[in-house]
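I have placed the structure first, in the form of structure tokens, so that the comments after it can refer back to it.
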2 protein chains.
Amino acid sequence: MTAYSIQSSKDSQRAASLSEWETAVIDLFLNAAMSVGLPKSLGQIYGLLFCRDEPLAMDEIMKLLSVSKGSASQGLRSLRHLGAVKSQFLPGQRKEHFVAEIRLRKLVSGFLKEQAEPHLEKGKARLSHLQELVDATEDLNSAERGRKKMNILAGWHRQVGKLLPLVKLIVGKTERSHKR
Amino acid sequence: MTAYSIQSSKDSQRAASLSEWETAVIDLFLNAAMSVGLPKSLGQIYGLLFCRDEPLAMDEIMKLLSVSKGSASQGLRSLRHLGAVKSQFLPGQRKEHFVAEIRLRKLVSGFLKEQAEPHLEKGKARLSHLQELVDATEDLNSAERGRKKMNILAGWHRQVGKLLPLVKLIVGKTERSHKR
DNA sequence: CAGTTTGTTCATTTTTTCTTGAACAGGCAT
DNA sequence: ATGCCTGTTCAAGAAAAAATGAACAAACTG
């Protein structure tokens, strides 16, 4: 026996399908995700949760977006990792339910932390590796040129390292100044 | 008759192969390009030009990186479009020669202008389309929810729109303060 | 003008990335 | 325990993106 009788008709209608504007919002996030190099399904899932006020379970997400179990599971994992969704335990419900994080500051800082900072770290290692290679260069002209370029790269690295915290700060500040 | 005799032996040696550190730098830019969603070949080409002080012609780039004519041509076009390389006409040489733009500020603002701003523009259009869809929604609860979400999106849009110019400004400022 | 050199375009192929779904694992209830 | 409900993993398939190279165009050369 199915659990239909437990849901109010309004609820089941709510979850059953997407309204036009919701579809448009989901498409918007799909495009946004792609434009920052994230898989489409991440954008779709986030977009859906963004549209809804009530927490959704994975199987509802799968139905509404027509995505596979695998995509839903992995997508939600990534989103959680980015800090873009959080799971919320509903009393009496066994399934895990998800809601979207809608504070831009959180979204941005999560994205930067996961996507940008690792690259910066790796960059540091690369720079010192580079140092060794330049130092080991026989041709003196080439070595000199190498040193020059390395200095440029080191400068860039420093600047980008400074930029990231500033971005978080700015988004946070402007966000607050606009709230209500 | 080939034009070999015109080049000094030192020059032809210079162009003939990559030193170890150059290979490493090129690889660094390859990874950097991928991490911001640009094709690898863009990164490679930029990396090579970054390493060299002398302008390079397309056929030299092809040889040094072992990329096809098509990739080189398209890659250089994109890089020029991004403001990351400029072509330099050498007296007496028929081929077009390229040099890398190494001012971070230019690189960042070019990237933002080409990659971010178009999305922001499209976002504006999407938002007004969304407005129409929400207004046309029958279900009053859904419409109300839609309005709420739209306001959030509009706020984000405004904030990101403010952020971009600030980023350019900051990179410019810190860059100057570190020079020399 | 005919022949070269230089560079672009684009259909095809190759590579990479994303999605799918079946097998699996853990937990809850009976 | 046994069977069910949730969710994860991962090999295989599908889709998207990028690289290739041959055909083409344009501009110079003699």
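All values derive from a computational prediction rather than experimental measurement. Lettering of chains follows the sequences in order, A, B, ..., and the numbering in each one begins at 1.
B:Ser78 meets the side-chain contact (heavy atoms from CB on, under 4.5 Å) test with B:Leu42; sequence neighbours excluded.
Pairs passing the ring pair (Phe, Tyr, Trp, His ring centres under 6.0 Å) check and including a residue from residues 28-48 of chain B, sequence neighbours excluded, read B:Phe29-B:Tyr46, B:Phe29-B:Phe50. Applying the salt bridge (charged side-chain N to carboxylate O under 4.0 Å, His left out) definition to pairs two or more places apart or across chains, those involving residues 115-126 of chain A are A:Glu117-A:Lys168, A:Glu121-A:Lys124, A:Arg126-B:Asp27. Contacts classified as salt bridge (charged side-chain N to carboxylate O under 4.0 Å, His left out) and involving residues 85-101 of chain A (residues at least two apart or in different chains) are given here: A:Asp59-A:Lys95, A:Arg80-A:Glu96, A:Glu101-A:Arg103.
Remark: C1' of C:dC18 and CG of A:Leu76 are 16 Å apart, rounded to the nearest angstrom. Counting to the nearest Å, the C1' atom of D:dG7 and the CZ atom of A:Phe89 are 12 Å from each other. A:Leu65 has its CG atom 15 Å from the C1' atom of C:dC18, to the nearest Å. Summarising the geometry, the separation between CD on A:Gln93 and C1' on C:dC28 is reported as 15 Å, rounded to the nearest angstrom. The distance from atom CG of B:Leu56 to atom P of C:dG7 is 12 Å, rounded to the nearest whole Å. Here C:dT8 presents its P atom at 13 Å from CG of B:Leu79, a figure rounded to the nearest Å. Following rounding to the nearest Å, B:Met58 (CE) and C:dT8 (P) show an atom-to-atom distance of 6 Å. The separation between A:Leu90 atom CG and D:dT6 atom C1' is 15 Å, rounded to whole Å.
Between the side chain of B:Ser109 and the main chain of B:Arg105, a donor-acceptor pair closer than 3.5 Å is present.
Hydrophobic clustering places A:Leu112 together with B:Leu166 (ILVMFWY residues linked when any side-chain heavy atoms are closer than 4.5 Å, directly or through intermediates). Under the 4.5 Å side-chain heavy-atom criterion for ILVMFWY residues, a single connected hydrophobic cluster contains both B:Phe111 and A:Leu120.
Residues B:Gln44 and B:Ser41 have side chains that never bring a donor and an acceptor to within less than 3.5 angstrom of each other.
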Per-nucleotide protein contact along nucleotides 10-19 of chain D, 5' to 3', at a 4.0 Å heavy-atom cut-off (B base, S sugar-phosphate only, - neither), is B------S-S
Distances under 3.5 Å only, N/O to N/O: pair up the protein atoms with those of nucleotides 3-6 of chain C.
residue, atom, partner, partner atom, Å
C:dT5, O2, B:Arg94, NH2, 3.4

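Results of the side chain to side chain contact (heavy atoms under 4.5 Å, CB included) test with A:Leu56 over A:Leu64, A:Val85, A:Val99 single out A:Leu64 as the only residue that passes.
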